[in-house]
Amino acid sequence: MKLDSKIPEGHISQKWTDYKDHLKLVAPNNRPKIDIIVVGTGLAGASAAASFGEMGYNVKAFCFQDSPRRAHSIAAQGGINAAKNYQNDGDSIFRLFYDTIKGGDYRAREANVHRLAEVSGNIIDQCVAQGVPFARDYGGLLDNRSFGGTQVQRTFYAAGQTGQQLLLGAYSALSRQIGLGRVKMFNRHEMLDLVKVDGKARGIIARNLVTGELERHSAHAVIIASGGYGNVYFLSTNAMGSNVSAGWKVHKQGALFANPCFVQIHPTCIPVHGTNQAKLTLMSESLRNSGRIWVPKKKEDAEAIRAGKLKPTQIAEEDRDYYLERKYPAFGNLVPRDVASRAAKEVCDEGHGIEANDTNEGVYLDFSTEIQNKGKQAAYAKGNHNPSPEEITALGKQWLEEKYGNLFTMYQKITDENPYETPMKIYPAVHYTMGGVWVDYNLQSTIPGCFVAGEANFSDHGANRLGASALMQGLADGYFVLPYTVSNYLADEIRTGKISTETQEFIDAENRVKNSIDKFLNNKGSKSVDHFHKRLGLIMWNKVGMGRNEAGLKEAIAEIAALKEEFYKEVNVPGSANEFNPQLEKALRVADFIDLGQLMAMDALQRNESCGGHFREEYQDSEGETLRDDENFSFVAAWEYKGDDISKEELHKEELKYEFIKIAARNYK
């Protein structure tokens, strides 16, 4: 199979504009003759469905939640990037493009990333018009803050609930189209297979999760916008229902799966507190604007803290190791996520961790310095040039509350500790997945008519995503890319007519799903689905997590293969197919996670280098930083499904060419 990324010719600043000008169009009178399926209603899916509905196409949108408002996009807290340069600090489209390529450790496709930077400004205008309540400064203008991996302020935000507000904006646009009858919404439905007719994506098999009924739905194009696969690790910051099944089903039908080993570990999560935990909580990266990260310099102090004999506020300033500021003075606490996460693991591995859990892993995120600084500024602004320490502290806390209040409240409710008074405890956790279904410049997979958007595709973030870029990509794909590229594909479909769901292809696909369901329900094993999911998660975290090595990856591949065999023999799924059955839903998803987990380990094993979130312990420099191999590994690893035995998957390589930026070692010092 030859991969054609369909990157247009021309200068990078003109590629997208010139390309759009020459795409084929579908006339307004022809659009009602064409059906589009959108799977997933987060930011990418909701914006795409709303856009196509507005254009006049017939759209069917599917989500497994009871409402599109529950999509995991709602959990994003910190903000959304855009190259507006409102702070007049040197930002530009090119700088956002460069920061994204560099942040991804030079493993992203240049043309796609530049397009993302180009349309970023339009996203903010669109969302403001929808009424998204972005934070504003004292003059009423949109405010910005910094995020990791940049030296400019380009992140637009709505307190600590940016994802929620953006999703409500997209949901409003989607609801309008539902009300007009242009979008038909299927809540509590899960896609369980893709249907191909003559090689083209022509529909899906979906299961009504309330009644258990299997349904056939046809369309002229299918858009997968179902999010990432972080829950392969069991414990992650993802919603517990987040899964890879839609992406994996199209992979099994012929879509290549790209860079599965590129997983992002987020540095600011609340540490694991026990073995029965099922979900991790993210504290927004925006907090790194105001918090300083540290651990005790002395191991005995760390031990005393873990034993409850010492409080962090009792550690003198000179006995604290602000390790990010020490190691990376140019960026300090705002280094990219992969760098900050590895640094936290390193100090904890050395015995300086502060959390009393099984692994003694945790570091502090301390706001005391910011409270003092902002308190003094606030007092001075009020005309009080000689404030008391109490006044400074009160005003500083007030400033923090206005900026991050809901995040501080959430942390206190979870931990029963007041972060205004004592430092937050944080530690890295699985958050985002940069890998996904391989797509070309049009966001079309290797299956004609099957497009993939947002976190479900691999396209924009390389080996590490910069903070506040996930929301940007989702909305860019849905509002400003797919309406052009899908229409270009559909221009050849106006004479196709209605696609029947009574063809043999739909019958075969439905039977495949039925057989899979029956296999689980008739298995009568002795262990729960969660039993296997947790075991898979431990293998993945310990051997395909923050640190990877050849021996561990080979062990992981063998262990996951053995786990898969045991899973199909021993899993117990109660209930029946024709009812609400969350255990059945879970079993189908975990089956896909097991296959994907093995592929992730295989992908990590073949990539003999360290880059971004993929850290091979054999490939690091003398200071413990990632050691890329640009000569041998400057490619996208795209895997082709070859049957039930995942070890037989075939690797295809898309060479990454950088024409407009200079490749260099990442340096945040």
Looking at R288, K669, K327, R666, which hits side-chain contact (heavy atoms from CB on, under 4.5 Å) with V335?
-> R288
Distance-only polar pair, side chains of [X] and [Y], donor-acceptor under 3.5 Å:
X	Y	answer
E285	T268	no
H614	R548	yes
R616	N608	yes
S242	H72	no

Are Y432 and H461 close enough that their ring centers fall under 6.0 Å?
-> yes
Residues two or more places apart in sequence or in another chain: which of them pass side chain to side chain donor-acceptor pair (under 3.5 Å) with K200?
-> E493
Would you indicate whether K657, at its atom NZ, is surrounded by more than 12 heavy atoms from other residues, nucleotides or ligands within a distance under 6.0 Å?
-> no
Does the ring of [Y] carry [X] above it, NZ/CZ under 6.0 angstrom from centre and within 45° of its axis?
X	Y	result
K519	Y568	yes
K6	Y441	no
R607	F633	no
K102	Y668	yes

Only one of F257, Y229, F458 passes ring pair (Phe, Tyr, Trp, His ring centres under 6.0 Å) with H251, and that residue is F257
